[in-house]
Every structure is written in structure tokens, then in C-alpha cells.
Amino acid sequence: MKARAELIAGIVVVAILAAGPYLSPLIHVDLSIVSEVLVTALAVMSVNLLLGYTGLPAFGNAAYFGLGAYGAALSAKYLHVDFIGAVIIGTASALLGGLILAPFLLRRRGIYFGLLSIAFGQVFYFVAYRFTDVTGGEDGMNFPRPLVLGHYAINETTFFYVALAAFVGCLIAFRTVVRSPFGRTLVAIRQNEARVRYLGLNTDRFIFVALLISATLAGLGGALFGLLINFAYPLELDWHQSGFFVLMMILGGAGTVWGSLVGSFIYVIGKDIISTQTSYWQLYLGGLFVACVLAFPRGILGTLLARLNARPAAADSEPHG
Amino acid sequence: MTHDLAPQLFNGLVLGAFYGIVAIGLSLIMNLTGTINMAHGSFMTLAGYLAYTMVQRGMSFWVALIVAPLIVVIVGVLVERGLVRPLYKREPFYSLLMTFGLSLMAEEAFRLIWGPNGVPFSPPPALAGAAALGFMSFPTFRIFIAGVLIVAIVALALFLTRTRFGLRLRAAVQDTEMIAALGTNTQVLYAVNFGLGILLAGIAGVLAAGMLGLSPTSGNALLMPAFVTVIIGGMGSLFGSIVGGLLIGMAISLTTLFIPAASEVAMYILMAIVLLVRPRGLFGEEGIFG
Amino acid sequence: MDSAMMLEARGVSKFFGGVKAVDEVSIGVREGSIHAVIGPNGAGKTTFFNTLSGFYFPDSGRVTYRGSEITRLANWKRIVLGMGRTFQTPSVFAELTVRENVMLGVRARAGVAFRLRPPAGEERETLEHRVDELLGFVNLGRSKERLVAELSHGGQRLCEIAMSLSTEPSLVLLDEPMAGLAETETDRIITVIRDLRQRLGLTVLFVEHNMRVVLSLAERITVLDRGKVLAEGTPSEIAANEIVRDAYLGKEALDHV
Ligand SMILES: Nc1ncnc2c1ncn2[C@@H]1O[C@H](COP(=O)(O)OP(=O)(O)O)[C@@H](O)[C@H]1O
Ligand SMILES: [Mg+2]
């Protein structure tokens, strides 16, 4: 019953999204902004896996996002790889970044994990910021969007469908992961890690894999984001950006599969609309943080789902077995 | 180049003392309440701007140096009571997000009130110029800063080890519930602790404004080195924060001298090395995982 | 070393700052026995359990399990070796149902916890059957689909015991399994502890305050006081021990036995 309802809702949402090229003019939003919603949602998902499901304050995921963007940008500009190659290299760079940071992050939990995430994430920011010759430094780097297989150009509409396909693919993969025995164990770790260890499970191993999945997701999002705007800049890697991802996750609903899309949608579209109306976007954004934390800590989907089945979202029940 | 070494090392120490004192403030707040105060830099900036305005209005630098941090402490305690305290029962990342939001708003507010660019804030004439110290001469203001920071650190150490309240504070960091059971008013403890952290930020903020410049983001520039300081020194160790701060200050000023492009990255490399050798930082305590 | 020893500690110490929570404690738990650790509040019982189970490592001393040293072995590996434990405050997954709690352990034991594909078909049946069996053992079958947070204190204790059993241990450490329970609930736990040995053949080491329970259940008793072993022996030896009587038990507690 519930699974059926979710499937129908999912199909409806994807169908509406697929009509994006026709719908976005109606709300006076550029199609590229809707693409941004989709690729940003991947980064939000990556935070959700660590923070929403596993309970690790992932305040450094912008590093993976930025690594994805720079990986794509640098490989397109200097190695002249094609579109697919840029996506793969960008994503792989983020995965590599995750592999390098994991041994440090794995050692700690709680706020210390958050502190380490922030600090280590910032390394990549300064590298991008300082290696001006290669990365363009503070100004960022432009690059032409590479062709697919060196032949086929990707226009905004095609790009949108690429982003949509990536989003749907990742969403299905994400859902599979969080509902699997592996994912249920992550949720258990969030609730009571000591107990999980006393079930004979090496929680470090679970967290390690979760970190790598998270880095990969964020990296894919970042690579596509870089290719979307044909530009990479250091602030993508900055801890502020990590904080925005966390905000989006909370907005949508921590520990919910679809929350990432909801949060990303509100944030990206909201930013697009508000920042054209006022130059004080940051004031509103800060206010949004405060309001969200005080008044809406479970986010939109979290609150909705809790109403529906009276259970905390990330703990939502699984099919027997 | 070597004749630059001594002044640069001295600069490193002063810078390090800044990082140390900001890190101690962060640590106090973090240890007692689990809050990573992302608005810590904003409190520093606010103190700088308040001092700047006071001096502009004709007040003396010395008055500003004392009054501005106190005003910021009042703001800080109000923020703690009104906005942060309701979050203590929740997972700690909520208070991180809260203070992050506050810092975004504060930054924009600074821009609105004091303009988007930096403002000049120079030390008073008495502290201008240079003083001979041994065979080298150093800017008087930096020597003064070093003096104030040392006094502040010693005063804090005395407060925490010699006064009843300070001892309770330290005990509370170990075990909040036990202290509550002993009848200490934890609400007051939280407020004083937060205020103390902000007071250190405020003093550092005024001094940093004179030495490192004052702009809407100038305080935030000290935030990341302070985080790294806490990590290197070991969370929960105030002594570690001082040692960590000085180490980073030296590392940064030495790389600035020899490899300027790597000056920011230097502290992260130092952090990585320390963590590889001592996963809990130089003076950190053992935890249950790992 | 005695091969019949399930768990041995030799001179185990653990300090917290200046506090010697556990001070040179030695103990030998025989295979198949029910062994109790008693002592006043703050005696170091929980800390001792924590060093035995690897919650943290002792500052000095040695711990061996079935003759092999485990002093600094990661806690989860001890579970794989065959140890299980419960905590003084029930340590459960409050947001999950009773069934899901136990299933986590059953999956861990079956080696499927790390998988992405949920078990299906026969495998699933086997796992579900095992959960039912464990819940039956602690008599929680009727609460299977309830959230653990909704259970009584005693219910949560039983759920935690079922979870500890799900990893098929040979030795279980129970930290004050009866603290804060009503009389009827206490009797339920007593039955379960007896069954642990009689029906499942497990070795049990437990902390308990209630002397009536300890003297009727345990074959050996170790008395801790201020981090040190005050006495060790059979229930009758302990009941007769003057030092124990003076230091801790109080005459009435024993005269009622
Ligand atoms: N994590 C800890 N940090 C500091 N002191 C502790 C800690 N755990 C226990 N203690 C201290 O160690 C002593 C023994 O405590 P505990 O093992 O809990 O006793 P028991 O379980 O026998 O009541 C007590 O004085 C307690 O305050
Ligand atoms: Mg105890």
C-alpha cells in the first residue's frame, strides 16, 4: 500500500520535472535553474546520507562538490576530455578526496567529526584559491562545455534531461541504499552507535563506505554543476557552501529520500527569485537558517511523513525481512 | 631573508596568540554545550566595529578596548539565552546551523551599517611606531597586543583554577548532570561560560581590528585557524589551544616568509600531521570509539 | 591457565583523572556458571564491565577470553568471538520496533548487515524465524511490532537481552538487569537469566543489588568496593563473610535469606 503510494507520487514528481522545459517559463525561472535544482539535490542527498541517516555532522561536503566541479573543469580545459569523461573524472576526483579524508574523519564522531569536516574541507578551498595559474584563483575558471564523444553538443534542454536522468538514477540508488540492510544499520548507528558495535559490527567500516558514497554523490552533483555553468570557482568548495547543503537537507527533511529534492528546490529557486529582488539575499538566507532551526527542524517532508505514519522519518519502517 | 626571521617569528607568536585566544573561547562553548559557534568571528568583527565607532565619536581607544567587548558580551549572552539555549537538547548540528545563520545575517548587517569595504582602524598614537626589543625593533602595537593577550590568558587560567565558579565550570564540562545534581544553577553556568567565550572574542576582535584590518568578514578570517587550533591542541584542552595557536601562528608566518603561496595550506598540513601522530590532538582526551 | 575459565581478568585497573574507578581487580568466570558482581554504588562495577567488554581499555592489567588475550581488542570483535552485553540503562534503538531491534543483531550474526539487497525468500524466512525465536525466549512475542520507546522499562530490558542473544554469544555480561523494575518484571528477568544457562547453556556474569536475587541465582560472587575486590566466593561464603557484612550488605539483608 505505502510502497504503491510512494511509487505513484514518485512517478508524478518525475513526470512534472520532465515537463520542466515547458513549465519553467510559467514561473519565470530559467531552465538552467531547474537543472541546478537537480544537480544540487545530489549534493544534498550526499549530506543526507551522512547526517540525516547516519547522524554524522557532514559540514564539509562542499569539498567533494567542488572537487567534482574542478575535476570536470580542469579535465575539460586541459585534458580536452569529452562531456562523459569530464563527468567521470570530476566524480572520481571527489571519490579520491573522500578516500584521502576518510582516515581522518573516521576517527571521530559528533561535533568533532563536524569540526574536522569543516577544517579538512577548507584545504581544497585554499588550494583552488591559491593555485591561480591553474585554477584561476579567486576569479574561478571558465571552460567551454565539452561535446559528448567529441561530436554532439549539449544545449540547455538536453543538459536538463541529462541532469534529470542523473537525479532519478541517484535517487533510486539512494533509496536502495537507505532501505537495504546496510542503510538500516546506518540508521541504527545514528541512534546508538555503541549498541551497533555490541552487535558485533565494525561501525567504522559502515561509516567509511557511507563517506565514500557521499563523496561520490556530491562529486557527481558538482561535476554536473560545473558543466552546467561552464565555470568553477573556489566558493563552491567553501564551508559556507557546505552549510547551505545542510540547510537544504533540513529544509526538505533529514532522513527522507525525497527531502533532498524539496530542500534543493526551495533554496535554489528561492535564491534565484529573491536575489533578483533584493541585494540583501544573505540577510534572508541567514534568517532562513534561524527560522528553520527554531520552527521547522524536521523540514517539510519530515513533518509531513511524521504526520502520516507518526514515526521519525529516518526510522521509517521497512518491508519485513 | 634571515634578517626578516626574528620579526616574522614574533609576528607568528602574536598571530598565534590570537588564534589561541579565539580557540579557547570556541572550546569553552563547545565543551560545555556541544555548540560549534560559527558566529564567533562575527562577535569579533562586531567588537572591532563598535570600538571603531567609539573612537570615531571621540572616545579614547582605551575606553573602547574595554567597553566594546563588554557590549558584545551582552549581545552574546542575549543570543545564548534567546536563540542557542533552546537547542541544547537537540542534536548539536542544530546550534551550529543557528550560529551559522546568525553569522550570515551579521555579515550583511555590518555591510549595511559600516559599508562593504574595510574601514581604517589604527592604534592610538601612544602605541604607534616601533620599540626596540633586544637587538630588534618591533611595532609597539604588536608588543602591546602580545601583552594584553598574555594577561587575558593568565586571568582566564586563574579564573578557571582559583575561583569557585571557575572550578564548577570545569567540573561541569566533565559532567553536566552531576553538577546539576549538586545544585549548581546550570542555566547561569551556561550563560557565564558563553559570555566568557565571547569576551575573549571581543577583546581579540578589537585588537585584531587594529592589527589585521576591519571589514565585514575580518573576524571570520580568524575562525578557520581557530578551528584548526582546537583540533591540533585537542578538543577540551585549553592549554592545548594555546600551544596549538602558537604552533599555527609560527607555521603560517614562516611559510609566509618562505613559500607565500602555501601560507593558508600550511596549518592544514600541520593539522594532518598532528592527527596522524595523535588522533585526538596534542592534548586531547581519549574517547570511546577507536 | 584453567581451560574451564571463560573469562579472566588479572589486575585490571581503570582511572578517570584521579579517581581509581577500578583498582587491580582480578576475576575468573567459569564456563557455564552464573557469576555475580556486587558492591555499593560507585564501586566500579560498570567501569569493570566496560573494560571487560572493551567499551574502553583498562589502563593496566590483562583480560583473557577462553584463554586468549583480548585486553585491547576492539569491542565489536569481542562480540564476534562470543561475548554479549547489556547496559545499565537499557541500550536499544528506541525509534525502531522490537522486531527491527532484534533483526539488526540477527542480520549482523548472519553476515548480511553489510548487504545492499534485502534478504528474500528462504533466507528471509530463516532470519524472521530467528527473531521470533529470540522474542519468544524473552517472552516479548506479543510486542513484536511496537516501538521500543513505547515499552516499559522492563520490556526494554528484555528487548536488549534478546538483542544481545541475537549474536549467539557464549558469555553474556548483564549490568544491573533488574534495576528500576517492578516485582513482576524482576521475576521475569530472573527466569530469563536461569534459562540463559539451563536452556541455552550460556555463561552469565551480572551486576545486581538485590541480595535475594544474587544469592539465589549466582554460584560465585565477587564483591567490589571502591574499585577493589573485597571478597570472592560462593553465596554462602559471601553471606557469612564478616567484612562483606560490615562493609556493604548490612545484617538485615542477609538475615532475611
Ligand atoms: N566516564 C567516567 N568519567 C569519570 N568518572 C567516571 C566515569 N565512569 C565512572 N566514573 C567514576 O568511577 C567510579 C565508579 O563508577 P561505576 O563504575 O559507574 O560504579 P558502579 O557501576 O559500581 O555504580 C565512580 O566514582 C564514578 O564517578
Ligand atoms: Mg553501575
Side-chain angles (χ1 to χ4, degrees), chain A residues 3 49 52-55 106-107 109 172-210 212-213 254-256 298 302 305-306 309-321, chain C residues 50 53-56 74-87 90-97 99-121 123-128 131 144-145 147-149 160 163-164 166-169 173:
Chain A
L49 184 68
Y53 285 86
T54 320
L106 266 183
R107 295 164 187 254
R109 304 288 189 269
I172 292 171
F174 184 85
R175 191 177 178 282
T176 309
V177 168
V178 298
R179 308 202 114 209
S180 71
F182 173 76
R184 305 322 295 172
T185 311
L186 293 184
V187 172
I189 289 174
R190 193 200 66 201
Q191 291 184 38
N192 189 343
E193 179 169 0
R195 185 23 100 191
V196 177
R197 289 174 82 88
Y198 279 102
L199 294 176
L201 295 174
N202 181 3
T203 51
D204 290 349
R205 190 165 155 237
F206 285 82
I207 291 174
F208 178 67
V209 173
L212 295 189
I213 296 175
T256 64
R298 301 174 93 174
L305 288 176
N309 47 12
R311 287 191 65 173
D316 79 302
S317 78
E318 51 180 322
H320 281 219
Chain C
N50 284 344
S53 64
F55 194 78
Y56 33 65
N75 41 31
W76 61 271
K77 286 186 187 159
R78 298 174 199 228
I79 306 305
V80 178
L81 282 184
M83 289 172 73
R85 80 164 283 184
T86 64
F87 291 80
S91 176
V92 285
F93 305 101
E95 296 171 27
L96 303 181
T97 64
R99 179 187 146 277
E100 287 163 338
N101 267 268
V102 178
M103 181 57 93
L104 280 165
V106 169
R107 279 179 179 166
R109 179 64 193 178
V112 300
F114 207 72
R115 280 209 322 228
L116 284 183
R117 198 173 43 77
E123 186 177 35
R124 191 184 117 175
E125 306 257 297
T126 316
L127 297 181
E128 294 288 354
V131 171
K144 190 174 160 186
E145 297 301 339
L147 290 186
V148 171
E160 197 191 11
M163 238 197 297
S164 320
S166 67
T167 59
E168 295 172 22
L173 278 56

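As a basis for the values below, the full set of heavy atoms in this structure was taken, side chains included, without hydrogen atoms, waters or symmetry mates. In what follows, every chain begins at residue 1, and chains take the letters A, B, ... in the order their sequences are listed.
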- Mind running side chain to side chain contact (heavy atoms under 4.5 Å, CB included) on C/W76 and A/N202 for me, showing each step along the way? CA-CA 6 Å; C/W76 61 271; A/N202 181 3; 3.3 Å; yes

- Query: Going through the checks in order, is the side chain to side chain contact (heavy atoms under 4.5 Å, CB included) test met by C/M103 and A/R184?
  - Reply: CA-CA 10 Å; C/M103 181 57 93; A/R184 305 322 295 172; over 6 Å; no

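C/V92 is not listed as a side-chain neighbour of A/R195, based on a closest heavy-atom distance of 4.5 Å or more. Using a 4.5 Å heavy-atom cutoff, the side chains of A/V209 and C/F114 are in contact.
Closest of all the heavy-atom pairs between A/L199 and C/M163 is CD2-O, 3.7 Å. When all heavy atoms of A/N192 and C/F93 are compared, the closest pair comes out as O-CE2, 3.5 Å. Of all non-hydrogen atoms in A/P181 and C/P119, the two that sit nearest each other are CG-CD, 3.9 Å.
Of the listed residues (C/A113, C/A108, C/G84, C/P169), the one with the most heavy-atom contacts under 4.5 Å to chain A is C/A113. Most heavy-atom pairs under 4.5 Å with chain A: of the set C/E160, C/E125, C/R117, this distinction falls to C/E160.
The CZ atom of A/R179 sits 14.0 Å away from the CG atom of C/L116 when rounded to the nearest 0.5 Å.
Residue contact with chain A, scored on non-hydrogen atoms closer than 4.5 Å, involves the backbone of C/A94 exclusively. Contact annotation for A/V196: both backbone and side-chain heavy atoms come within less than 4.5 Å of a heavy atom of chain C. If you measure heavy-atom distances from C/S53 to chain A, the contacts under 4.5 Å come from both the backbone and the side chain. The part of C/T167 that comes within reach of chain A is its side chain, from C-beta onward, which places non-hydrogen atoms under 4.5 angstrom from that chain. Both the backbone and the side chain of C/R85 have a heavy atom closer than 4.5 Å to some heavy atom of chain A. For C/V106, no part lies under 4.5 angstrom from a heavy atom of chain A.
Proximity of a side-chain donor or acceptor of A/Y198 to a complementary backbone N or O of C/M83 within less than 3.5 Å is not detected. With A/R197 contributing its side chain and C/N75 its backbone, the two residues share no donor-acceptor pair below 3.5 Å.
For C/E123, the side-chain hydrogen bond (donor to acceptor under 3.5 Å, both in side chains) test picks out C/R115, with sequence neighbours left out. With sequence neighbours left out, C/R78 forms a salt bridge (Lys or Arg N to Asp or Glu O under 4.0 Å) with no residue at all.
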